Amino acid sequence: MLSLIYLIGSVTFIVGLKMLSNPATARKGNAIAAGGMALAILGTIFLYRHNGQGLHNYGWIITGLVVGGVIGLISARRVKMTAMPEMVSLFNGMGGACAALISVVEFEHMAGTLADIPDVRGQLGIIFAGMIIGAVSFAGSVIAWGKLNGRIRDISFQGQHILNLSVLAVIVLLTIFVTVTLPSATVALFASVLVLSLIYGVFFVLPIGGADMPVVISLLNSFTGVAAACGGFLYNNPVMLTGGILVGSAGTILTILMCKAMNRSLKNVLIGAFGGAKAGGVAKEQGAYKEISLSDTAVVMAYAHKVMIVPGYGLAVAQAQHACHELETLLEGRGVEVRYAIHPVAGRMPGHMNVLLAEADVPYDKLLEMEQANGQFNTTDVVLILGANDVVNPAAKSDPSSPIYGMPILEVENARSVIVNKRSMKPGYAGIENDLFFQPKTSMLFGDAKQVLQQLVAEIVNSL
Amino acid sequence: MEAVFSFLEQHLELTYIVILSIFLGVEVISRVPSVLHTPLMSGANAIHGVVIIGAIIVMGQASDENYLALILGFLAVILGTINVVGGFVVTDRMLEMFKSKKTK
């Protein structure tokens, strides 16, 4: 009976994941996977038998489920759209910690009687693997979370990669040593591997630039999947195995896809930390930028034929998506063609902008993907950039010394004029200057995206 | 090395599942529009919450006097549940927004 339930669970995960990769079915897919998960959990609670014995400690289990469920539900409901990436990272860390804890408890069961257990090396290896991967994923996810919400800065120092690799090597060697020789000091060694794994997780993520966090989170996500699969081996549990491995492999592919969207390799993201070698481009004389007033902006936009809006993280921070949609409908009402140019990695996560604009009911067909948008800039009168920076930085095409060189960008400089809304002249997340702001076509409109957009709307309604 | 082989032989079925699942995961994800990267990552994040099953088993097998196992297991159940529930709810919230646009 229970194996049947696990089979159903596994199938729902596969179907759910498949449906999640298509916009039309995504939501249903999520619900199906959630249903399968609920079934698998309930089945485990009530039907699990090991050597003919059921589970006990129901009080603890139910309490844990309720407490965790309430915390999960509340935090997921309350979190702002802009903070989604952090939230996902944190949830991922919880999963990693859960996997690591399972290994710790299972190890504790075995520790005293290692020699008497048949097949002890295989089990011990799996326990170590689950613990290491889970702990790395947990520590890394917490760091990624702190980086995304600005609590932790990028820290990198000379020889950090060497140190990281050495820590990893020690972890692997210790694990092999313990599983092969079964020494008497297993507990101490297990504990040191646990500590080292946590340290490695921290060091692994610390030097990686904030702009690359989505890739890192996706990678850690697949780590947790593998850690969960280790549990599947441990308990001979097919649903944990399918779910875990599925996420492990799908997560890896997703990570690579994300890197591709930025035209970078995974190795480059993990090792080539932004800000490490910033030799070129910093001392360059930038010249002057020009500012544009609100009323001028209103006029320029209201009398354009075609306006392209380029949203970025600034839009997300200011929660300006509704104001943005308002401006768009207002302009469309006056016969201006308005489109959005969406860079695949605009914001803090791929698809961030789509989610945000969808929240404000911006019609789907107004959102242009990068290639489409790039084909239309030469027929565009005004480009309005809302808090985007690196994704429109021409240095990605022209300056080989730039850290973002090679990343495909939105070629806004092909449009007739460019208006950039930013809070200040501070450089973007990659920490580099943007030549675009100093080009003669470009004018700057400083201020919080939401306020600026609301004022623009008022200006157009009242005076034009 | 011998231990590895004997372990694999004993868990042959599971090993099959692992290998097939790897290909399946790759196949399922390969053609996904970048719009869906974030929700997909979040959905996958929720799915690896299956570790919760392991946590429940650990908890349910812990003996009453083993406080270390009870406490750690309890913690694992809580963390795993947060992962599962939070993961699915967050994903749903993200996707909800795609939906509202569709019906319009």
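Just so it is clear: chains get the letters A, B, ... in the order the sequence lines come, proteins before strands, and each one is counted from 1. Not measured: the values here are computed from a predicted model. Just so it is clear, the values below take in all heavy atoms, side chains as well, and ignore hydrogens, waters and symmetry mates.
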Check your understanding: How far apart are the C-alpha atoms of A:R27 and B:T91, what are their side-chain angles, what is the distance that settles it, and do they pass the side-chain contact (heavy atoms from CB on, under 4.5 Å) test?
Key -> CA-CA 8 Å; A:R27 199 171 178 203; B:T91 313; over 6 Å; no
Practice item. Determine the minimum heavy-atom distance between B:L14 and A:G232, stating which atoms define it. Key: CD1-O, 4.1 Å
**Study point:** Distance, nearest 0.5 Å, that separates OG1 of B:T38 from CG of A:L254
**Key:** 8.5 Å
Exercise for review: For the residue pair A:N236 and B:E13, confirm or rule out a side-chain donor-acceptor distance under 3.5 Å.
Suggested key: no
Check your understanding: Is the closest side-chain donor-acceptor distance between A:H56 and B:D64 under 3.5 Å?
Key -> no
Revision key, fill the gap. Cut-off 4.5 Å, heavy atoms of chain A, and the answer for B:A69 is both
Check your understanding: Between CG of B:L36 and CG of A:N22, what distance do you get to the nearest 0.5 Å?
Key -> 7.5 Å
Practice item. Would you mind checking which part of B:V84 comes under 4.5 Å of any heavy atom in chain A, side chain (CB onward), backbone (N, CA, C, O), both or neither? Key: side chain
Exercise for review: Using a cut-off of under 4.5 Å on heavy-atom pairs, state which of B:V28, B:T81, B:I22 scores highest against chain A.
Suggested key: B:T81
Point to revise | Heavy-atom proximity to chain B below 4.5 Å, by part of A:V239 | key: both
Review point. About how many Å separate CG of B:L72 and OG of A:S103, when rounded to the nearest 0.5 Å?
Key: 11.5 Å
Practice item. Report yes or no: does A:N30 contribute a side-chain atom to a donor-acceptor pair with the main-chain N or O of B:G43 at less than 3.5 Å? Key: no
Check your understanding: Do the non-hydrogen side-chain atoms of A:N237 and B:I57 ever get within less than 4.5 Å of each other?
Key -> yes
Exercise for review: Below 4.5 Å from any heavy atom of chain B, which atoms of A:V120 appear? Answer side chain, backbone, both or neither.
Suggested key: neither
Revision key, fill the gap. When the 4.5 angstrom heavy-atom criterion is applied to A:L234 and chain B, the contacting part is neither
Exercise for review: Could you go through the side-chain contact (heavy atoms from CB on, under 4.5 Å) check for B:V90 and A:R77 one step at a time?
Suggested key: CA-CA 7 Å; B:V90 159; A:R77 285 231 159 269; over 6 Å; no
Check your understanding: Can you tell me how far the OH atom of A:Y48 sits from the CD atom of B:Q61, to the nearest 0.5 Å?
Key -> 5.0 Å
Check your understanding: Quick one: are B:R93 and A:M84 in side-chain contact, heavy atoms under 4.5 Å?
Key -> yes
Exercise for review: Report the option among A:V70, A:T224, A:V67 that has the most heavy-atom pairs separated by less than 4.5 Å from atoms of chain B.
Suggested key: A:T224
Exercise for review: Could you please spell out the steps behind the side-chain contact (heavy atoms from CB on, under 4.5 Å) verdict for A:L20 and B:L95?
Suggested key: CA-CA 9 Å; A:L20 267 169; B:L95 293 169; 3.7 Å; yes
Exercise for review: Would you mind telling me which of A:K18, A:E108, A:M87 has the largest number of heavy-atom pairs within less than 4.5 Å of chain B?
Suggested key: A:E108
Review point. Hey, which of B:V85, B:I47, B:N66, B:V77 has the most heavy atom pairs under 4.5 Å with chain A?
Key: B:I47
Review point. Non-hydrogen atoms of chain B under 4.5 Å away: do they reach the side chain of A:Y6, the backbone, both or neither?
Key: side chain
Practice item. Determine the minimum heavy-atom distance between A:C98 and B:A76, stating which atoms define it. Key: SG-O, 3.2 Å
Study note, to complete from the structure: When the 4.5 angstrom heavy-atom criterion is applied to A:E369 and chain B, the contacting part is side chain
Revision key, fill the gap. Smallest heavy-atom separation, B:M41 atom then A:P214 atom, equals CE-O, 3.6 Å
Point to revise | Atom group of A:A34 that falls short of 4.5 Å from chain B, counting heavy atoms | key: both
Review point. In terms of heavy-atom pairs under 4.5 Å with chain B, which of A:T12, A:N92, A:V66 leads?
Key: A:N92
Review point. Side chain, backbone, both or neither: which part of A:Y235 has an atom under 4.5 Å from a heavy atom of chain B?
Key: side chain
Check your understanding: A:A250, A:G16, A:G93, A:C230: which one forms the most heavy-atom pairs within less than 4.5 Å of chain B?
Key -> A:A250
Practice item. Taking all heavy atoms of B:S21 and all of A:L246, pick out the closest pair and write down the distance. Key: O-CD1, 3.7 Å
Study note, to complete from the structure: Interface check, chain B: of A:G243, A:G96, A:A33, most non-hydrogen pairs under 4.5 Å belong to A:A33
Point to revise | Separation of A:I61 CD1 from B:M59 CE (nearest 0.5 Å) | key: 6.5 Å
Practice item. Select one option (side chain, backbone, both, neither) describing which atoms of A:M240 are under 4.5 Å from chain B's heavy atoms. Key: both
Revision key, fill the gap. In terms of heavy-atom pairs under 4.5 Å with chain A, the winner among B:V58, B:L20, B:L68, B:V89 is B:V58
Point to revise | Greatest number of heavy atom pairs closer than 4.5 Å to chain A - which of B:S63, B:G73, B:A62 | key: B:A62
**Study point:** Greater than 12 external heavy atoms within 6.0 Å of A:R49's CZ
**Key:** yes
Review point. Which pair of heavy atoms, one from A:A97 and one from B:L79, lies closest together, and at what distance?
Key: CB-CD1, 3.6 Å
Practice item. Heavy-atom distances under 4.5 Å only: say whether A:T63 touches chain B with side chain, backbone, both or neither. Key: both
Review point. Between OG of A:S249 and CD1 of B:I29, what distance do you get to the nearest 0.5 Å?
Key: 8.0 Å
Review point. A:T242 versus chain B, heavy atoms under 4.5 Å apart: side chain, backbone, both or neither?
Key: both
Point to revise | Heavy-atom closest contact (B:V50 atom, A:A228 atom, distance) | key: CG2-CB, 4.4 Å
Check your understanding: Given that the side chain runs from C-beta out, which part of B:L70 has a heavy atom under 4.5 Å from chain A: side chain, backbone, both or neither?
Key -> both
Check your understanding: So among A:I102, A:I41, A:N57, which one has a side chain to side chain contact (heavy atoms under 4.5 Å, CB included) with B:I56?
Key -> A:I41
**Study point:** Stepwise side-chain contact (heavy atoms from CB on, under 4.5 Å) test for A:L17 and B:L40
**Key:** CA-CA 8 Å; A:L17 214 50; B:L40 187 62; 4.2 Å; yes
